[in-house]
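Presented below is the structure to which this report refers.
For the numbers below, each heavy atom of this structure counts, side chains included, while hydrogens, waters and symmetry mates do not. Per chain, numbering begins at 1; letters A, B, ... match sequence-line order. Fair warning: this is a prediction, and the values are worked out from it, not measured in the lab.
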Number of protein chains: 2
Amino acid sequence: IEKDLQAAVSSSGDGSVNRELFRQTVVNTLERRLFYIPSFKIYRGVAGLYDYGPPGCAVKANVLAFWRQHFVLEENMLEVDCPCVTPEIVLKASGHVDKFTDLMVKDEKTGTCYRADHLIKDFCKEKLEKDLSITAEKAAEFRHVLAVLDDLSPEEMGAKIKEYGILAPDTKNPLSDPYPFNLMFQTSIGPSGLSPGYMRPETAQGIFVNFKDLYYYNGSKLPFAAAQIGQAFRNEISPRQGLLRVREFTLAEIEHFVDPEDKSHPKFSEVANLEFLMFPREEQMSGQSAKRIPLGEAVAKGIVNNQTLGYFIGRVYLFLTRLGINSDRLRFRQHLANEMAHYAADCWDAEIECSYGWIECVGIADRSAYDLRAHSEKSGVALVAAEKFSEPREVEKLVIAPVKKELGLAFKGSQKNVVEALEAMNEKEALELKANLEAKGEVEFFVCTLGKNVSIKKSMVTISKEKKKEHQRVFTPSVIEPSFGIGRIIYCLYEHSYYMRPSKAGDEQLNVFRFPSLVAPIKCTVFPLVQNEQYEKVAKDISRSLTASGISHKIDITGTSIGRRYARTDELGVPFAITVDSTSSVTIRERDSKDQIRVNVEEAASVVKEVTDGLRTWADVWSTFPHHSSGSAEDDE
Amino acid sequence: IEKDLQAAVSSSGDGSVNRELFRQTVVNTLERRLFYIPSFKIYRGVAGLYDYGPPGCAVKANVLAFWRQHFVLEENMLEVDCPCVTPEIVLKASGHVDKFTDLMVKDEKTGTCYRADHLIKDFCKEKLEKDLSITAEKAAEFRHVLAVLDDLSPEEMGAKIKEYGILAPDTKNPLSDPYPFNLMFQTSIGPSGLSPGYMRPETAQGIFVNFKDLYYYNGSKLPFAAAQIGQAFRNEISPRQGLLRVREFTLAEIEHFVDPEDKSHPKFSEVANLEFLMFPREEQMSGQSAKRIPLGEAVAKGIVNNQTLGYFIGRVYLFLTRLGINSDRLRFRQHLANEMAHYAADCWDAEIECSYGWIECVGIADRSAYDLRAHSEKSGVALVAAEKFSEPREVEKLVIAPVKKELGLAFKGSQKNVVEALEAMNEKEALELKANLEAKGEVEFFVCTLGKNVSIKKSMVTISKEKKKEHQRVFTPSVIEPSFGIGRIIYCLYEHSYYMRPSKAGDEQLNVFRFPSLVAPIKCTVFPLVQNEQYEKVAKDISRSLTASGISHKIDITGTSIGRRYARTDELGVPFAITVDSTSSVTIRERDSKDQIRVNVEEAASVVKEVTDGLRTWADVWSTFPHHSSGSAEDDE
């Protein structure tokens, strides 16, 4: 059954029914055992909001603790913790106020809102899948629309909706034209109503605005990384895909600041030999599939832009697979040119395959100097780093000197605009202007703040190159950003960890999550085999030892059959069970093999601690202690 | 100096200047070393929003990890994690939409907002402190106003502002009448604009609405506790008191559900012998001060309402003192009758003394059945527990049967209100009515939904007691809620941990935080004594061992003098420093005693791990290893 279900999910054919079935089975188990709970359920819930129930909350805490160990501690990152409430100016600078939007259409009669791209996507997919009468030409068109959907303007989407006659799905009413809806939750800071604010859509901006202090804290040295774990918010128009597209979620983000002229990484050699599924831009464009490439080769060949980006790709691979993500269903996909922001140097998503398809769970982007520049400009505070030279260096510098007197006579009130436009030229533009002025004596020059050309004469500006001694190079650092969607990683982990196996009697299928100890919500259960005061006392003593050594566990002294109790804990992914069947020794059972060893009462807690802390493997323990034949204890499983 | 400053803070006299000075010294150190950063500083910040910088963030993570260990793991609590975005209906039921307000006044010309109580408080305090001309009578009045300020209605506050001629502090313009301002950040869920939501003002409601699922998860047994750590939000009118009154903060809350008829606690004996400062209601009313009372005695005498409440008071005491809170500056203060919500059975605040005075950091309240009842009513979902009887029990039940025909004739359209009022009577009221009706035949009866008395005749209602067999007792559990303001606890911890000591040369005062290892942001630093390739290699090897065993540390290979490097880390509260002054052995220095031991290179990391994990004390280590006389290494300190 397990194989069937997993295969169903992986099959690319008409497996959609099986995928749905598999997902329903996993989700039922997750919901029944409170891994998650639809938030505010007794009030009929709110779309896109979910609670982590007790086992889910423990899994999340374990994933975050491991993230801190694997990234923050290992790389000596500077972790910060900034508020969710963010004033408008910060998100204006970052571009979110203007551009963090989805296109929305409204049912013209009821006012119900839909995402325009969802409706077009659903229409095209349904036509392609179910309408056998469409021509090959028409089919090619629908496929093309699906491919370019993300790039369509509001007008183009509106035209498609009209052309295809798409109506509101619930009512069949006509739809409004598409218009952008900002996905940030808006609020107001303070009582005046005059200070708009938003709930942050990502945690990164809190780090960028602190760059100056963090750089100083790091001894004014590059490279260094800052990190943040926290809530982020997106007011989705109509959340779909269950736990994958939600309105509030936990992000873990790293901003690694680096000299743009040196993106090498001292520890790259530690990950260079890793080999896993990569899906470079070129393979995607030419219709090939993802392939295994050694990371060192990918960087050496320039498939991955630089060592630092490559290093983080490797570290993310290690992080995800150690959590229990199946490496055959994990790939690193490079963004296509049209997916990337204009400023990004390169971007790779860690995508995990689950019943919803390949899902972006971690984005690893080289965002160049964009964010720091944007905040420098808006705030007027220079967010820069400096490389001090051991000896002063001679550098050639472009000097643009507008002759204000001449410009004043010629442009009067507009003089300031012309001066600013001249000074804003980059080196190439300035040298071109200089050459033209020398050749023609007078040149048409565009002043953007005036919105028109003006005539510049040779006497109005001098452009020259001068040699200067400099003691340091001042520059805006590049940012390499690995950004983790914790909820998505956890959901995919649930699907990858889930399997079913028959009960001993063969009369029912039992659910199991094969979580590694690292992420298991509870590490161990303690059962007296039968209800009996002596056994109960032993169980309580072992429980106390487990608590003292920080092992989360559950003690179950109900009279339920031992097989039923094992089944209950397998369904929570508890890796070990201690069964008390004597007052001197106990059995320890491993979840997946169902193998049991016999251990002295005094040793039980420390053996479990060693295997759950990863100091010993089960194989090692199995070879050390006497085996317990599955006798009475498993009888009724 | 340390003593002076600490004494200054504790002194009740005119120490306010010294307190301010002490606070300024601590806050300067905290801000300079990035324990915290005013949020969005490059944009001139937002009042009431602060970031945790790297050491602050580490302290917070350590406090929360210990909280999980001390409460969640120790008591097997069910931890959940709910969203911050909350739909209106939930906070309507909890009372926050209607009652979570402060009274605000506006500058009538500029629109600037102030808290009405702050203005009155400032006025009265200034008069009492600085105006020598006021009469004893007037002084008594001001003192009375200060005492009852929290209980004044908007109209009463408005009258005081008028009477005292209080004007806007910044402009001296006249002020508006006070009106309630809701402290929740409001937003809108989804794109329609029709679903108002709020950022939660506390995490508790997320637990209450999940009671039914959590009770089932716990095997339908009481008592059990649920817990949640998360962000909460209060849109303060004008935040004061720096890090203590902020607009976004981390709460850690426990909701312990218990049978209202049995609030005993099986582990109470473990805390009964604790003795610490308690400040019962009676002592406060009679002008006495807090006194040391053994917890067992406080519960036995009924000063603390019940064992469960007492158990949590004891656990909170242990939690705070283990973090490093000074037990002489920690007291448990009982709420006065006028401070408590009408439904609360008892309430104690853990107050910590700092330069701002005694600050509420943990609230421990017996909230009775209020919250579960409110959500049951609003949602229509019964949030109840059941005690199953081993054998059915005969119980006497009150039956109130309104005779609708008679009531209809007498009250026509108001019949429904009268019926409801009759059915809503509790046992005592019903039996009284029955007796009166039998005696007089006709009785005046108040119907609250009509706002008036009606005349009830004997024929209109029958009241009787019937015997019934019942298999279970269904009831709404009581909730005992310990609620921790994590940011406040951390701020007080900073003040309690801070001291100054002279440098060796005696020419400057050095800052030290005496954090216990448990909360120290970095556990250890590693320095080569001099810049030298061999020493650097040893330092890096030790650093790798520390990383592998999960010990957060910092390696400093700058050529700065060792004394300066010690001073830098003392200021971050780093408890241990490893100095590499040979390739075979190193010194380990303890922060507060400045004592040094000599340890083999291979052992260094494990010794530090043992003392920071609390497996060994420094005294133990000190008696085991050879001492290092403070020679060259301390020379320049």
Using a cut-off of under 4.5 Å for heavy-atom pairs, which of [options] has the most such pairs with chain A?
options: B:G550, B:S188, B:C84; answer: B:C84
options: B:L73, B:V85, B:L49; answer: B:V85
options: B:G48, B:P55, B:S238, B:A47; answer: B:P55
options: B:N182, B:T112, B:N76, B:I189; answer: B:I189
options: B:C82, B:P83, B:C113; answer: B:P83
options: B:T547, B:T250, B:L383, B:T558; answer: B:T547

#### Entry: Audit row: A:L34, B:L78, side chain to side chain contact (heavy atoms under 4.5 Å, CB included) steps and yes/no
CA-CA 11 Å; A:L34 299 198; B:L78 307 182; over 6 Å; no
How far does [atom1] of [X] sit from [atom2] of [Y], to the nearest 0.5 angstrom?
X: A:R68; Y: B:S552; atom1: CZ; atom2: OG; answer: 11.5 Å
X: B:S379; Y: A:R44; atom1: OG; atom2: CZ; answer: 8.0 Å
X: A:F185; Y: B:Q186; atom1: CZ; atom2: CD; answer: 13.0 Å
X: A:C57; Y: B:M77; atom1: SG; atom2: CE; answer: 13.0 Å
X: B:I37; Y: A:Y217; atom1: CD1; atom2: OH; answer: 10.0 Å

#### Entry: Per-residue contact mode, A:V90 against chain B (heavy atom under 4.5 angstrom)
both
### Query
At a heavy-atom separation under 4.5 Å, does A:I207 approach chain B through its side chain, its backbone, both, or neither?
neither
Flag the one option from [options] with the top tally of heavy-atom pairs under 4.5 Å to chain B.
options: A:S192, A:A548, A:P87; result: A:P87
options: A:F181, A:F40, A:Y36; result: A:F40
options: A:E74, A:E236, A:K378, A:Q205; result: A:K378

### Message
Please evaluate residues A:D213 and B:K41 with respect to the criterion side chain to side chain contact (heavy atoms under 4.5 Å, CB included), reporting the C-alpha separation (whole Å), side-chain torsions for both, the decisive distance (0.1 Å), and the verdict.
### Response
CA-CA 10 Å; A:D213 280 344; B:K41 201 168 112 179; 2.7 Å; yes
Over 12 non-hydrogen atoms of neighbours within 6.0 angstrom of [atom1] in [X]:
X: A:K212; atom1: NZ; value: no
X: B:Y216; atom1: OH; value: no
X: B:K540; atom1: NZ; value: no

Portion of [X] that has a non-hydrogen atom of chain A nearer than 4.5 angstrom:
X: B:Y50; result: backbone
X: B:L615; result: neither
X: B:R247; result: side chain

### Task
State whether the side chain of A:N235 and the backbone N or O of B:G190 hold a donor-acceptor pair below 3.5 Å, judged by distance alone.
yes
### Query
Looking at A:H375, A:E88, A:K92, which one forms a side chain to side chain contact (heavy atoms under 4.5 Å, CB included) with B:Y43?
A:H375
#### Entry: Stepwise side chain to side chain contact (heavy atoms under 4.5 Å, CB included) check, A:D51 with B:V80
CA-CA 7 Å; A:D51 299 344; B:V80 299; 5.7 Å; no
### Message
Would you say that B:P54 contacts A:L214 through its side chain, given a criterion of any heavy-atom pair below 4.5 Å between the two side chains?
### Response
yes
### Task
Please test B:M199 against A:T187 for side chain to side chain contact (heavy atoms under 4.5 Å, CB included), starting from the C-alpha separation and ending with a verdict.
CA-CA 9 Å; B:M199 302 313 297; A:T187 190; 5.7 Å; no
